Undergrad: 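Quick one: structure below, then a few questions.
As the structure is a computational prediction, the values presented were derived from the model and not from experiment.
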Amino acid sequence: MSKILIRGAKVLGGQPQDVLIDGETITQVGIGLTADGAEVVEADGKVLLPGLVDLHTHLREPGREDSETVLTGTRAAASGGYTAVFAMANTFPVADTAGVVEQVWRLGREHGYCDVRPIGAVTVGLEGSKLAELGAMHESAAGVTVFSDDGKCVHDAVIMRRALEYVKAFDGVVAQHAQEPRLTEGAEMNEGVVSAELGLGGWPAVAEESIIARDVLLAEHVGSRVHICHLSTAGSVEIVRWAKSRGIRVTAEVTPHHLLLTDELVRTYNPVYKVNPPLRTERDVMALREALADGTIDIVATDHAPHPHEDKDCEWAAAAMGMVGLETALSVVQETMVDTGLLDWAGVADRMSFKPAQIGQATGHGRPVSAGEPANLTLVDTAYRGSVDPAGFASRSRNTPYEGRELPGRVTHTWLRGKATLVDGKLT
């Protein structure tokens, strides 16, 4: 049916209203709406949000289809309430040319579970020595606006400066994986009390903070935009807060797992908790929550990092770094931010839809739930509580740190431009 009437939904957590979709567009929002021939979805007080936007997703295709594909990754995204994801460039081959980013973009269009916006590499092959084809990727059909060597840091200050200068011409943004490589050689977890007791190589907070400090100063000097990926320490928060107070054009993201989990979990030696940047201390977690609440940290981004079973079911030292996150992100944010009173649902919409769409220039996403806007929406049963079962994931990988953990909230419906991609918790 071309018409859908969502009845009794709490739009952004407010009072229950009806929302009428006709084709790809929201046509009415109000109380007591009717529409002949419309498919009726009884929301029963569930929360209606704009479709979520993830600025940091690893879809692995091309090259690591054993971990994830554009199809399985976007199905996972739809299951988690996302209508757009930005696909990181560390594929095989690396997305450092117009040809590769267009391939990823076209795969997203073919599969249709959510929009896929490729992120272009900053340097050729992620090697940090020569700028990639930034202009060609931007001018391609993919229209790339975000560039990142995520997985590796653009550690050369001259290369980082040149990248910031280049993207300024089209108001692009460089998304930095802040990790000073010399300070993290042999690092396996957060440097602190737990790493000392376990005898594992420590990953100091200053390895992240020193790069962020350098890059915000470079962004100020150039007058360009820099985005900080997966910010993880209390010190990083203070640097970003200081930079924003100076008017520097910096934005920052935090992952759901850095809002909830701490380095104490590494005592289990379970490689599911091995991630880059590493899980930090309880003090860091609390600082990240407060910074997300007060706007110092702009957005939540999943850093969805799928890996095949054999790359995680092994000894700690040999295990790959990363966690899947698309299908659990909203639940973790509800537990850490909404249920604690730090954010309301309008705040969640801002951090998980409006601002990430704005940073990445994702046209048509992150829009208000109002008449005349694109019907990119997600409906959430916030009263639900249940244990996480990765066997039911749409993702090809199962490396979640939440297996068996009870989390609140469940996405029941997702619509991409008026077309249902998820209905009653099941992919269409």
Side-chain angles (χ1 to χ4, degrees), residues 53-56 86-90 94-98 101 117-124 126-140 142-181 208-231 236-254 291 295-299 301 351 354-363 366:
V53 178
D54 188 20
L55 201 66
H56 193 148
F86 284 73
M88 277 296 176
N90 57 341
V94 172
D96 56 5
T97 65
V101 295
R117 300 291 301 270
I119 291 175
V122 176
T123 65
V124 175
L126 309 181
E127 294 176 357
S129 58
K130 181 182 178 182
L131 282 184
E133 300 177 1
L134 309 185
M137 288 187 279
H138 175 67
E139 295 296 332
S140 73
V144 176
T145 58
V146 183
F147 299 87
S148 181
D149 277 2
D150 184 62
K152 295 183 178 180
C153 178
V154 182
H155 60 86
D156 187 309
V158 174
I159 294 290
M160 186 63 180
R161 175 184 176 173
R162 296 290 178 250
L164 289 167
E165 290 171 335
Y166 205 115
V167 303
K168 183 181 177 182
F170 47 83
D171 198 32
V173 61
V174 179
Q176 176 68 292
H177 173 119
Q179 177 191 348
E180 168 51 57
E208 174 175 302
E209 295 158 8
S210 60
I211 294 293
I212 295 174
R214 182 202 74 178
D215 286 354
V216 296
L217 292 173
L218 285 173
E220 181 179 44
H221 179 71
V222 174
S224 190
R225 292 200 296 146
V226 66
H227 177 75
I228 308 303
C229 295
H230 42 49
L231 185 149
S236 295
V237 167
E238 292 307 312
I239 295 167
V240 171
R241 184 174 285 128
W242 170 83
K244 287 190 171 188
S245 74
R246 288 173 61 94
I248 297 173
R249 301 180 71 195
V250 58
T251 53
E253 71 189 33
V254 65
T296 301
I297 297 176
D298 301 84
I299 67 169
R351 296 345 182 249
F354 299 149
K355 281 185 179 171
Q358 181 182 39
I359 293 167
Q361 301 178 46
T363 305

Undergrad: State which residue, out of K355, H227, R351, H230, fulfils the side chain to side chain donor-acceptor pair (under 3.5 Å) condition with E253.
TA: H227
Undergrad: Could you tell me if the side chain of I211 sits less than 4.5 Å from the side chain of C153, heavy atoms only?
TA: yes
Undergrad: Among all residues two or more places apart in sequence or in another chain, which pass the side-chain contact (heavy atoms from CB on, under 4.5 Å) test with A357?
TA: V53, A362, H365
Undergrad: Would you call the rings of F170 and H138 parallel, tilted or perpendicular, where under 30° means parallel and over 60° means perpendicular?
TA: parallel
Undergrad: Applying side chain to side chain donor-acceptor pair (under 3.5 Å), run through Q361 and T145 and close with a yes or a no.
TA: CA-CA 7 Å; Q361 301 178 46; T145 58; 4.8 Å; no
Undergrad: Is R214 reaching over with its side chain to a backbone N or O of H155, donor-acceptor style, under 3.5 angstrom?
TA: yes
Undergrad: Any carboxylate oxygen within less than 4.0 angstrom of a Lys/Arg side-chain nitrogen, looking at R241 and E238?
TA: yes
Undergrad: Do the non-hydrogen side-chain atoms of M160 and V174 ever get within less than 4.5 Å of each other?
TA: yes
Undergrad: Step by step, would you call D171 with R249 a salt bridge (Lys or Arg N to Asp or Glu O under 4.0 Å)?
TA: CA-CA 11 Å; D171 198 32; R249 301 180 71 195; 3.0 Å; yes
Undergrad: Tell me, do V240 and I212 make a side-chain contact under 4.5 Å, heavy atoms counted?
TA: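 Yes, side chains in contact.
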Undergrad: Could you walk me through whether D149 and H177 pass the side-chain contact (heavy atoms from CB on, under 4.5 Å) test, one step at a time?
TA: CA-CA 7 Å; D149 277 2; H177 173 119; over 6 Å; no
Undergrad: Are I299 and H56 side-chain neighbours, meaning at least one heavy-atom pair lies under 4.5 Å?
TA: no
Undergrad: Evaluate the side-chain contact (heavy atoms from CB on, under 4.5 Å) criterion for residues Q176 and V154: first the C-alpha distance (whole Å), next the side-chain angles of each, then the deciding distance (0.1 Å), finally the verdict.
TA: CA-CA 7 Å; Q176 176 68 292; V154 182; 3.8 Å; yes
Undergrad: Side-chain contact test, heavy atoms from C-beta onward, threshold under 4.5 Å: evaluate it for L231 versus V254 and give yes or no.
TA: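 Sidechains of V254 and L231: no contact.
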Undergrad: Between D298 and K244, is there a side-chain N and carboxylate O pair less than 4.0 Å apart?
TA: yes
Undergrad: Can you confirm whether L131 sits close enough to V122 that some side-chain heavy atom of one is under 4.5 Å from a side-chain heavy atom of the other?
TA: yes
Undergrad: Just by distance, with hydrogens left out, do S236 and E208 show a side-chain donor and acceptor under 3.5 Å apart?
TA: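 E208 and S236 do have a side-chain donor-acceptor pair below 3.5 Å.
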